[in-house]
Visitor: 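The structure is given below, and queries will be raised subsequently.
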Amino acid sequence: MLIVRIEPREFDTTSTQGARAHLRVLGLAAVVPLLVSLLLGGLIFLSNGIPPLHGLHAFFIAPLSDRLGLTELLVKAAPLALIACGLLFVFRANVWNIGAEGQFILGAIGATGTALFLVPQDSPFCLPALFLGGVIAGAAWAGVVAWLRAHLRVNEILCSLMLVYVAQLLLHWLVQSPWRDPQGYNFPETALFESSLMLPILVERTRLHLGVLFVVPAVALTWLLLNRSLFGLAISVAGRAPRAARFAGFSQKRIIWMTLLVSGGFAGLAGAVEVVGLTGQLVPRISPGYGFTAIIVAFLGGLHPLGVVAAALLVALTYLGGEAAQVTTQLPYAAAGIFQGLLLFSVLAFGFFSRHRVRFTRAVQRPAGQVLQASANLPANPSANSSTNPRVDL
Amino acid sequence: MEVCGCVFVTCACFMATFDVSPLLEIRAISKRFGDLTANDAISLTLRRGEIHALIGENGAGKSTLMQILYGRITPDAGEILLEGKPLAAGTAAARAAGITMVFQQFVLFEALTGLENLRLGLGNGMKPRALRDKALAFAERYGFWVELDRRVSELSAGEHQRLEVLRCIMQEPKVLIMDEPTSVLTPQEADGLFETIRLLARNGTGIVYISHKLREIRALCERATVLRRGRVVARPDPQKTELDAMARAMLGDDAVALADLAETEDKATGTLSAVPSVPTMPSVLPPRETTRLFVEGLTLPSVHRQGVGLSDISFSVAAGEIFGIAGIAGNGQNTLLEALTGERLLPHGQEQAIRLQGRAVGQLGVLARRRLGLATVPEDRHGHGAVGDLTLKENILLTSTHVTHGEDALVRRFACSGGWLRLRRAGMVAEQVLARFAIQGAEARGPDTLARKLSGGNLQRFIVGRGLLHAPDLLLVLQPTWGVDAHAAARIHQALREAAERGAGVLLISQDLDELLALSHRIAVLARGQLSRPFICADFKDSPAGKSELRHALGLLMTGLGGTSTNPDREKVL
């Protein structure tokens with residue numbers, strides 16, 4: 001009988017040898033998934049009759065070869081990074097908010113509503129007010145999830161996901177009837193904002209706007225909150241050991257509320273930035289699925305703020321590459337989604353194998369005649385002697 | 001003729017018991033893990049029918065040696081001969097050759113019944129009915145009763161263990177390894193187990209008995225091998241050697257550990273005379289001027305469907321007192337701890353059931369109770385008392401937020417009550433705890449060490465040290481030395497005594513009667529959610545048999561057989 005065992009890898013980081021082995025495995029866990037997803041992507045190109053290298057070039061290199069492409073990369077990476085920063089809070093606390101897409105849409109609606117109805121056009125506070133409107137709307141949308149989860153014990157995965165559809169329908173209704181631009185030739189769009197309500201463009205003849213720079217303070221703030229505040233410590237403890245969190249006196253309800261509000265706020269900010277910096281109006285297709293893709297970004301980035309920035313750039317490249325490949329190789333736009341999925345799966349899989357090893361052992365055949373003996377394929381008893389069992393190197 | 005026959009029979013008996021060719025021979029086994037030599041040329045022989053004690057504290061190399069014997073670890077050097085033939089590598093080979101092991105932590109499937117577990121362990125395609133008959137036959141032959149049809153999760157620790165032992169002996173092993181088998185048993189259950197072990201030995205099974213309880217070893221074993229730091233340091237004869245010498249061999253010259261061992265070992269069976277020892281049981285009850293904790297009529301269901309809740313529990317802990325609660329785990333200990341710490345709040349109208357420092361706290365949360373001077377050391381080190389993936393300085397903050405009292409300025413001011421963490425100060429405090437409790441394993445990275453990198457005993461010392469940081473008025477301790485080596489246990493016991501001397505009330509909840517008897521002023525027993533009336537330990541101190549009488553009474557109460565009034569004239573409820 002073949003026995004498959006999955007054991008945790010332990011590294012003795014106090015010895016140089018062990019530390020080196022640890023680093024080697026970590027390095028492999030970063031590089032191998034990229035190579036594997038490129039390889040699999042190449043195979044997909046090949047199966048569609050496109051030379052793999054040509055396809056990969058069109059997908060990953062051609063979009064970055066001019067100024068427009070580079071700025072577009074930043075424009076697309078910024079909302080992903082902002083949303084993913086917020087998602088770090090919930091995911092680290094083991095609260096599964098997968099409705100950032102809805103919170104993003106609400107942020108866009110909130111900013112637009114503020115611009116259209118609430119702000120006097122010439123006030124110096126009007127731009128910050130738009131972002132505030134977006135943040136509040138996004139946080140409120142997540143607050144619904146928090147209330148359902150914390151007080152009624154509704155599964156947050158389901159309700160956050162379903163609220164995405166509510167948000168999308170709300171958006172469609174708004175742009176089609178009450179907020180539709182009367183001078184807009186019946187297009188389902190709101191009126192364009194006054195130019196004083198738009199963020200300045202940083203590089204001429206591109207769409208690179210000031211809002212992209214919001215990522216820098218957002219990442220810094222996220223890092224500080226997660227690593228240097230009591231709130232961040234409570235999140236780490238609650239996510240890793242809920243009992244220890246109760247023991248320490250961190251209220252579970254409060255953590256659910258706070259993390260969801262923060263993550264909704266970040267998504268709402270991203271939605272507001274998108275409207276105020278890019279479109280200047282509310283349109284039905286305000287998001288190409290940023291809220292969902294940000295989940296991939298958060299995990300690709302190893303749930304670390306800086307990792308999130310790198311992951312956001314990488315995933316934004318798959319968006320650009322998808323568009324470019326559509327033109328040059330006639331591959332459908334869905335190819336972008338395929339690459340995102342490949343990346344996520346290979347990162348998660350190799351992440352797992354960098355922390356665990358798989359062992360195959362073959363049980364010895366019992367000699368005939370002996371009736372009484374163990375054939376117990378009981379799981380190895382890993383906890384039994386873990387305290388005395390010295391750490392074993394790779 | 002008759003005389004001749006007699007002699008012949010005696011000879012045969014003699015031959016059977018003292019067969020000269022060893023059953024098992026371990027020859028110069030060595031195993032290294034990185035820099036650590038876990039086993040250094042260890043040799044050991046086991047005869048047929050022998051009960052051989054393997055003594056040593058955690059980390060001495062016992063477990064490694066036994067895992068090598070059981071085929072789970074491959075040795076670097078040396079060989080193992082079973083009946084003169086070399087043993088092939090691997091657990092399956094070891095089992096096929098007739099070596100089995102009863103683990104310290106049970107490896108049974110909780111969701112399955114006893115019989116189903118047996119089938120998984122040794123089914124061999126046997127029909128359930130045949131297997132049941134066989135199991136019952138074995139259980140009868142070795143004189144114990146097992147529950148085959150209930151789910152393992154519903155069984156007590158003692159029943160667990162009997163099932164585990166049954167599974168092993170049904171394989172009719174040649175060599176049976178038992179790893180600290182009495183650590184979860186009541187004294188009565190342990191006696192039953194000893195009978196089984198003796199019977200097995202009489203039938204020719206060689207038994208390796210791992211323990212650090214010298215009293216048990218003296219009662220059971222003919223020969224002993226003492227390991228320390230991976231080496232054989234002595235091979236005493238447990239029947240003849242002074243317990244003192246065995247203790248010294250096991251622990252080295254650690255005076256604190258030796259004194260502590262002297263207290264937890266029963267004086268009736270041997271003396272540890274050379275060891276400087278404090279009185280075995282606290283001799284005077286501290287004056288009951290200040291009541292730290294007062295629990296009255298506490299009734300609370302368990303949160304788990306099959307867990308045990310509390311029914312009508314009343315007791316009090318005075319300043320300077322160590323109040324012990326004995327009982328097998330799973331009899332309401334966790335519910336009690338959660339109710340006392342504030343992890344679970346009492347229903348409205350019942351806040352008076354728990355009074356801390358005179359204040360009704362039933363509705364106050366963890367933080368409020370902590371501010372009133374409560375500190376807790378929970379049972380689970382990983383995931384409850386500490387978070388393995390966080391550093392020590394982060395872990396030290398778990399119980400310190402919102403608290404501003406403590407001995408010195410640093411302790412008063414290192415923790416925050418919101419906002420930003422004061423990590424540098426937390427690191428300094430963690431450093432203090434590491435130094436004060438002589439915690440090993442954090443030398444390289446100090447307070448930045450991940451908690452899971454510490455061994456069980458060291459992490460437990462850290463958690464106890466953290467509990468004492470803010471000079472608590474009431475210290476709640478659940479199973480503080482479970483799975484902890486003797487050195488660490490001694491330090492922890494010492495810390496608890498010092499806390500009580502300083503004026504704290506200490507509530508010690510434990511299944512280890514030795515520990516309770518050595519530390520507590522009063523002991524009550526928690527069984528099936530009900531608390532017995534407390535025994536005053538000092539009352540039992542005068543008579544020589546007093547302690548074993550108390551031990552026996554407590555043991556009966558622990559199994560739920562003793563009723564609440566085994567010895568009414570000795571009980572005084574305060």
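Computed from a predicted model, the values in this text were never measured in an experiment. Below, chains carry the letters A, B, ... as their sequence lines are ordered, and counting in each starts from 1.
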Visitor: Please look at B:E443 and chain A and tell me whether the side chain, the backbone, both or neither of the residue comes under 4.5 angstrom of a heavy atom of that chain.
Guide: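 Neither part.
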Visitor: Kindly give the heavy-atom pair with the smallest separation between A:A244 and B:V387, and that separation in Å.
Guide: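 That would be CB-CG2, 3.7 Å.
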Visitor: Please step through side chain to side chain contact (heavy atoms under 4.5 Å, CB included) for the pair B:V366 and A:F250, ending with a clear verdict.
Guide: CA-CA 9 Å; B:V366 174; A:F250 302 139; over 6 Å; no
Visitor: Heavy-atom count around A:F345 CZ within 6.0 Å, excluding the residue itself: above 12?
Guide: no
Visitor: Rounded to the nearest 0.5 Å, what separates atom CD in B:E343 from atom CZ in A:R246?
Guide: 5.5 Å
Visitor: Rounded to the nearest 0.5 Å, how far does CG of B:D380 lie from CZ of A:F247?
Guide: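 Those atoms lie 11.0 Å apart.
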Visitor: Need one label for B:T376: side chain, backbone, both or neither, based on atoms under 4.5 Å from any heavy atom in chain A.
Guide: both
Visitor: Looking at B:G419, B:G388, B:G365, which makes the most heavy-atom pairs under 4.5 Å with chain A?
Guide: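 Greatest number of close heavy-atom pairs with chain A: B:G419.
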Visitor: Does atom CZ of B:R229 have more than 12 heavy-atom neighbours, drawn from other residues, nucleotides or ligands, at distances under 6.0 Å?
Guide: no
Visitor: Hey, what do you get for CZ (A:R240) to CG (B:D389), rounding to the nearest 0.5 Å?
Guide: 5.0 Å
Visitor: Please step through side chain to side chain contact (heavy atoms under 4.5 Å, CB included) for the pair B:W420 and A:L225, ending with a clear verdict.
Guide: CA-CA 8 Å; B:W420 305 110; A:L225 281 175; 4.1 Å; yes
Visitor: Decide if atom CH2 of A:W223 counts as having more than 12 heavy atoms of other residues, nucleotides or ligands within a radius under 6.0 Å.
Guide: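 Buried by this count: over 12 neighbours within 6.0 Å.
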Visitor: Donor-acceptor check, side chain of B:R370 to backbone of A:A248, threshold 3.5 angstrom: yes or no?
Guide: yes
Visitor: Would you check if B:L390 and A:L233 make a side-chain contact, meaning some heavy-atom pair closer than 4.5 Å?
Guide: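 Side chain of B:L390 against side chain of A:L233, heavy atoms only: contact under 4.5 Å found.
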Visitor: Atom CD in B:E394, atom CG in A:N227: separation rounded to 0.5 Å?
Guide: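 Going from the CD atom of B:E394 to the CG atom of A:N227 covers 8.0 Å.
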Visitor: Counting heavy-atom pairs under 4.5 Å with chain B, which one of A:S251, A:A241, A:G249 comes out on top?
Guide: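 Looking at each option in turn, the highest pair count goes to A:G249.
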